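This report concerns only the one structure given below.
Quick caveat: nothing in here was measured; it's all calculated off a predicted structure. Excluded from the calculations below are hydrogen atoms, water molecules and symmetry mates; all remaining heavy atoms, backbone and side chain alike, are included. Chain letters run A, B, ... following the sequence lines, proteins first, then strands; residues in each count from 1.
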Amino acid sequence: MTGPETVRRKDVRATRTGRTALRVLTVAGVPALLVISWQLYSTVSENFYVPAPGRVARAFAETWFSERLLDDVLPSLARLLAGYALAAAAGVGLGVAIGLSPRLRAAAEPVLEFFRAIPPPVLVPLIMLLAGIGDGTKVLVIASGCVWPILLNTVEGVRALDEVLSDTCRMYGVRDLSRLRHLVLPGAGPQIMAGLRQALSIGIILMVISEMFASSSGLGFTIVLFQRGFQIPEMWSGILLLGLLGYVLALLLRRLERRVLSWHHGRGVGRA
Amino acid sequence: MRRGTGFRVAYGAAGLGGLLVALEAVSRLGPVDERFLPPASEILRALAAELATADLWTALGETMWGWALGLAIAFCAAVATGMVIGSVPGLRAATHSTVEFLRPIPSVALIPLATLLFGASLGSTLLLVVYASFWQVLIQVLYGVADVDAVAHDTARSYGLSAWSRIRHLVWPTALPYVMTGLRLAAAVAFILAITAELVVGSPGLGLSIQAAQSAGAVTTMYALVVLAGLVGVAVNAGVRALERRVLAWHPSVRGEAPR
Amino acid sequence: ACGSQEEPAAGGKDKVNAGVIAIVDTAPIHLGKAKGFFDKQNIDLTITPVQGGAASISGAVGGQFQFAFANTTSLLTATEQGLDVKVVTNGVASTGVPGKDFSAVLVKPDSPVKTAKDLAGKKISVNQLKNIGDTTIRAAVRDAGGDPDSIEFVELAFPDAPAALENGRVDAIWVVEPFVSQALSRGARPVTWNFAEPVEDLTVAMYFTTGKTDPDLVKRFTAAMNESLTYAQEHPEEAREALKTYTKIAPEVIAKIYLPKWGTEINRESVQEIADLAQGDGVLKGQVDVDTLIP
Amino acid sequence: MLEVSGLRKVYEGRRVEALREVTFQVDAGELVCVIGPSGCGKTTLLRCVAGLMPPTAGSVKVAGAAVTGPPPRMAVVFQEYGRSLFPWMTVRQNVELPLKEKKVPAVRRNELVAGSLAAVGLADVADAHPWQLSGGMQQRVAIARAVAYEPQVLLMDEPFAAVDAQTRADLEDLILVLWRDMGVTTLFVTHDIDEAVYLGQRVIVLSGSPTVVMEDLKIDLPPERDQLTTRSLSRFADLRGHLYAQIQRARGDR
Amino acid sequence: MLEVSGLRKVYEGRRVEALREVTFQVDAGELVCVIGPSGCGKTTLLRCVAGLMPPTAGSVKVAGAAVTGPPPRMAVVFQEYGRSLFPWMTVRQNVELPLKEKKVPAVRRNELVAGSLAAVGLADVADAHPWQLSGGMQQRVAIARAVAYEPQVLLMDEPFAAVDAQTRADLEDLILVLWRDMGVTTLFVTHDIDEAVYLGQRVIVLSGSPTVVMEDLKIDLPPERDQLTTRSLSRFADLRGHLYAQIQRARGDR
Ligand SMILES: Nc1ncnc2c1ncn2[C@@H]1O[C@H](COP(=O)(O)OP(=O)(O)OP(=O)(O)O)[C@@H](O)[C@H]1O
Ligand SMILES: Nc1ncnc2c1ncn2[C@@H]1O[C@H](COP(=O)(O)OP(=O)(O)OP(=O)(O)O)[C@@H](O)[C@H]1O
Ligand SMILES: [Mg+2]
Ligand SMILES: [Mg+2]
């Protein structure tokens, strides 16, 4: 009796380690391949602008494991989060309003498209006129770019709400705030999350752009400074840090999404 | 639908009109100095003057060409990649970390690379435009592919629809609303990067004209060009919207448009 | 204005692509091209506008430009980083006359800042940090007896600076023409002429090439460029006219601005002085051999 | 309580005339069944009565007031029961939501939710999500939600289509009890003729398109109904046979 | 043709044991009905047979081969008919798609599509989109799609739940014709006992949870069936009564 039992338990353990190995492989496989080909490239070709991975790694350690982390990375991160939060609030709020009202949508759409088409770098001077050259401008620049994917996705998500569900709400007198809370936000949830994810990477891009103007600190500013100073490995290490930052933030967002949209994933949606 | 178009145009024009009035008011009465933000009427006058020059049209043409080409490349590549990643089980997990890592790397950080590879030419613009707009579409496609209805999916499987048919008849239409949003996002981002590339790298086009006006202190001309960029954006959006109404006629978001 | 690709040169001429910032300083090359000085040297010149010194250096090192224009500090930095850049001739120099130069630090008319010394502890805008602007300003403040380390520099593009000054966002701005004239005409007050005062006869920017370029071509380009510089220096009105062709500066402003000095001679000492100052400020990490840069 | 007069509904787009001219009324506390061939416009009629869709012509009055939007204290069980449940809420939350909206105090709310879920036989799945339930269970959640709401007017669109015969009989009796005890005015769409006769005080037969009221039949069975005795009455068989013939005529008409 | 042995299905998450141990088989060309109380696992069973869901234990074989994914030449009509139609396609395109997949030549395809749409009474709405149709019409589109596909094995999950009595009778006869003429092996889930007896050669009764096969009843009625005569046979009433009692027992069990 004990024989088969132990065997089975060993089996379970074997499959568990197997599964962990598989997970590690799926997460790290492609990046590892990329690094290897990068190394290969830099060994066969001498290129001032593409230093070898080892050189960049060294620059990374030297550059970022220092007081720069406090002086440059943290302020950048704070501005990014502030801008992102602002954009999320404005994007979802405005998006719900616009998505629910065809009139408002018709009136607001060209105006929004107008602003959306204006590249943030040319908008910077204007924002600077209004918000000064402090952190306010940077936060606004970040928000002004992040808001679009959130806004558009929210509008689309709200417009695509299931008609039968909307009717159900109307019938049971579920109106206004509780309609928002119980129907509109969860119903548009998957689309809103898509927008939030898009916005995150745009936010990082704009964090860099905003620090290119009227700045004297920040991750983006430092990268640009390295670029201008032709400190190429340091510059790449900064770009790498941006990628890492984006990755970590995206992971956090995904955890949030898992929680918020558990009903969506559990339903079998997305198993394709 | 016919009534719908008139309705949209009327309200849209009202919205833009309101914006102009607000802009005029801000600089004439408001907190901002007229010299740094000229009133809307003067910007429009300068725009009219600019529009009469051939240079502007050449610049605009160059920008639009870089934009269209870059957007087309990014869109096709992203849709194809997204469909493959989204439909092959396991691939999504395997690429997730890489996608999330590469995506937030700002295109602007690629400028040295772009200059190195292509110099101040169309190639640089394309590199930046394609890189930035690719992710926009890809993420939307991935979300769209994940949204396939379970019952519809089972239906397709039980009728033995091949992988390709499933993509064509089930996955693609489901993802289409997301893709259209992605296209609209990407169209704008591509346009922004086309101009930014010209601004920063100095490839020829509207962005370079803006940069020239800016560095010469010609504020009114600069804002006129910025307004032009905005108007191009409005036009591009109207085009994508029209396309969307055609291809998404069945979708609740579009069919709910007609007053029921 | 595209066409940066190398194609068979018309009439056996060498195709040259030059990366040049579209500002007042580079009027000579535009004027020289119009005058045919380059054709005379069998050079078919294309001028590609670039956005800044880093872009022109990258472009040259990347092989896109055979020649380009960049300021002294940028070139020194590139040399320090081991980039193969070689100066061919002077680009632009200070007139050396305070009050009549193309670069100045300005304050509001009612500002308590009267002299360079008062700039200590103030917030000053420069177009790029760790470049020639902050280096010269620090030197000016130091020379006047102030503490340069107490200055807070912020990056602000030249066009945005006058507005920031008027709104009180910064205490002082560093700008170059045409923004100097513009700000002066609106009542701003100059505190120091940072290219003219701290360093004598300052060579602000230079034309350069890379080691890859054919020496004969370098010789001919240098000749044409020197002719252009001299001509521009001797014919300021024509230089002003040239500005109308490649910038969008309003004609009434062009008439008023201070032009820089366009000599052919590089003042090595000033370059060395800038290198030393930059090293002292930590902009450059180590000693740079000016002779590598300027053969 | 419910007055429908000259109701006409044309769907734009495909220009389908779903209803041509429908007139009838339902008194307070009456239970009226509607039958008609598939696609004749029963759902359309219900949606117009519920104020979810403006009619092309004609009018609907509930409690004397013209209907322009959903009237208060009215509950609807939709034919698309699956889509009418919120996938992000549990069964309990789905049933509770309208009560919260009505500001029913928590204690009473819990009572109502528990009671109605028990009545439809779903007390043990209160914490599941709708998509974790079978089709019939989902439909019963929608019914429980309507029942818990304690409406004045109850509209039901083929509410028992997805449940087995026995459950169906139980639910029929549930509706009868509800109607009798609380005097809920009920409009009940079904495609089961037996069910219509068993439940209704009157049965309205809709014709095939162009849709009009073909017959408004009084069900003269004793008011106390019972699955066994009522269904075995000979009058029941007569009425059933009559309606069957009517439906056949209605389909033939098109 | 169809062998289900020891089938067990536990839904993770809520850990619901939908099927405990189900074993039965269906011969080629047989028509077997499945009945059982609401939520007992009929849909689950069908989805396992269709290869849409892996069973927790046990196995399913179709034509001798173990099922791991959807087997070829099998058609399924889903209980959630509304969600199984593609909203972006017209009715005709919905029916045509599987045929295109099967590479049926265009001429034959048109014939099949037109024929099956006519058989379910929807010839005139071929160009409408599913969301422009009534519930019953949508369900019929799903049936037409399955019929046009000319499957070897046909699985239907309460396919007539949303249509009126007369249409239902017509569709029942359509299935009988299809089964008789083409020898389609059919597994038919219903909650209507009369329907099960009328259609089936055998009726499988599932118990309430924990779900097992409670009875596998041979329907010993004459093979030629007819709505009027068959339903009035006394044997029909017997079988019906027996199954009714069984279902009641099945529900009582839980
Ligand atoms: N959104 C719509 N657009 C166009 N036509 C529609 C729409 N909804 C329903 N119809 C049409 O209106 C008619 C009546 O539909 P309705 O849903 O009211 O029928 P029903 O009586 O409820 O049928 P069933 O018993 O099958 O549910 C049908 O012919 C249908 O095709
Ligand atoms: N996705 C799921 N997750 C968890 N439990 C589920 C899921 N789907 C079904 N169930 C449960 O499995 C059991 C059987 O469901 P199934 O849909 O097979 O019933 P059914 O016999 O088809 O009922 P009906 O006649 O009401 O359609 C039910 O108790 C249900 O709650
Ligand atoms: Mg209906
Ligand atoms: Mg079921």
Side-chain angles (χ1 to χ4, degrees), chain D residues 11 13-14 16 18 35-44 78-83 120-122 124-125 127-129 132-140 157-158 160-171 190-196 240 243-245 247-252 254, chain E residues 11 13-14 16 18 35-44 78-83 120-122 124-125 127-129 132-140 157-158 160-171 190-196 240 243-245 247-252 254:
Chain D
Y11 283 103
R14 277 180 62 234
V16 180
I35 62 175
S38 175
C40 75
K42 302 181 292 296
T43 299
T44 306
F78 289 93
Q79 187 174 14
E80 296 128 311
Y81 52 91
R83 283 172 58 198
V120 299
L122 291 179
D124 49 338
V125 295
D127 292 317
H129 285 270
Q132 295 175 316
L133 301 183
S134 77
M137 292 160 98
Q138 289 178 17
Q139 198 166 31
R140 285 182 276 155
D157 198 354
E158 309 193 4
F160 309 146
V163 296
D164 62 290
Q166 181 58 45
T167 308
R168 182 172 198 134
D170 294 352
L171 291 174
T190 178
H191 49 250
D192 184 330
I193 294 170
D194 288 61
E195 187 168 87
R240 189 177 168 280
L243 286 174
Y244 202 89
I247 287 282
Q248 218 142 355
R249 244 190 69 204
R251 290 183 74 233
R254 356 175 227 195
Chain E
Y11 284 102
R14 273 180 65 236
V16 180
I35 61 174
S38 174
C40 74
K42 303 180 294 294
T43 300
T44 307
F78 290 90
Q79 186 175 13
E80 294 131 311
Y81 51 91
R83 283 170 62 195
V120 298
L122 290 179
D124 49 339
V125 295
D127 292 318
H129 285 269
Q132 295 175 316
L133 301 183
S134 78
M137 292 159 97
Q138 290 177 19
Q139 197 165 32
R140 285 183 276 156
D157 197 356
E158 309 193 6
F160 309 147
V163 297
D164 62 290
Q166 180 58 46
T167 308
R168 183 171 197 134
D170 293 353
L171 291 174
T190 177
H191 48 251
D192 184 332
I193 295 171
D194 288 61
E195 187 168 87
R240 187 177 170 279
L243 287 175
Y244 202 89
I247 286 279
Q248 220 141 356
R249 245 191 68 206
R251 289 183 74 232
R254 2 176 223 189

Discussion item. If I take atom CD1 from residue Ile247(E) and atom OG1 from residue Thr167(D), how far apart are they, to the nearest 0.5 angstrom?
Written reply: 8.5 Å
Worksheet item: Rounded to the nearest 0.5 Å, what separation is found between the OG atom of Ser134(E) and the CG atom of Asp157(D)?
Response: 9.5 Å
Response to the item:
Bottom line for Glu158(D): the part with an atom under 4.5 Å from chain E's heavy atoms is side chain
Discussion item. Please identify, among Phe160(D), Tyr244(D), Tyr11(D), the residue contributing the most non-hydrogen atom pairs under 4.5 Å to chain E.
Written reply: Tyr244(D)
Item to complete: Go through Gln166(D), Gln79(D), Lys42(D), Arg168(D) and name the one with the most non-hydrogen pairs under 4.5 angstrom from chain E.
Response: Gln166(D)
Discussion item. Which residues pass the ring pair (Phe, Tyr, Trp, His ring centres under 6.0 Å) test with Tyr81(E), not counting sequence neighbours?
Written reply: none
Discussion item. Going by salt bridge (charged side-chain N to carboxylate O under 4.0 Å, His left out), name the residues that satisfy it together with Arg240(D), two or more places apart in sequence or in a different chain.
Written reply: Asp194(D)
Of the listed residues ([options]), which shares the most heavy-atom pairs with chain D below a 4.5 Å separation?
options                                   : result
Met137(E), Gln132(E), Glu80(E)            : Gln132(E)
Asp192(E), Thr43(E), Thr190(E), Val163(E) : Val163(E)
Asp170(E), Thr44(E), Leu133(E)            : Asp170(E)

Discussion item. Determine whether a donor-acceptor pair (N or O, by modelled atom type, separation under 3.5 Å) exists between the side chain of Asp164(E) and the backbone of His191(D).
Written reply: no
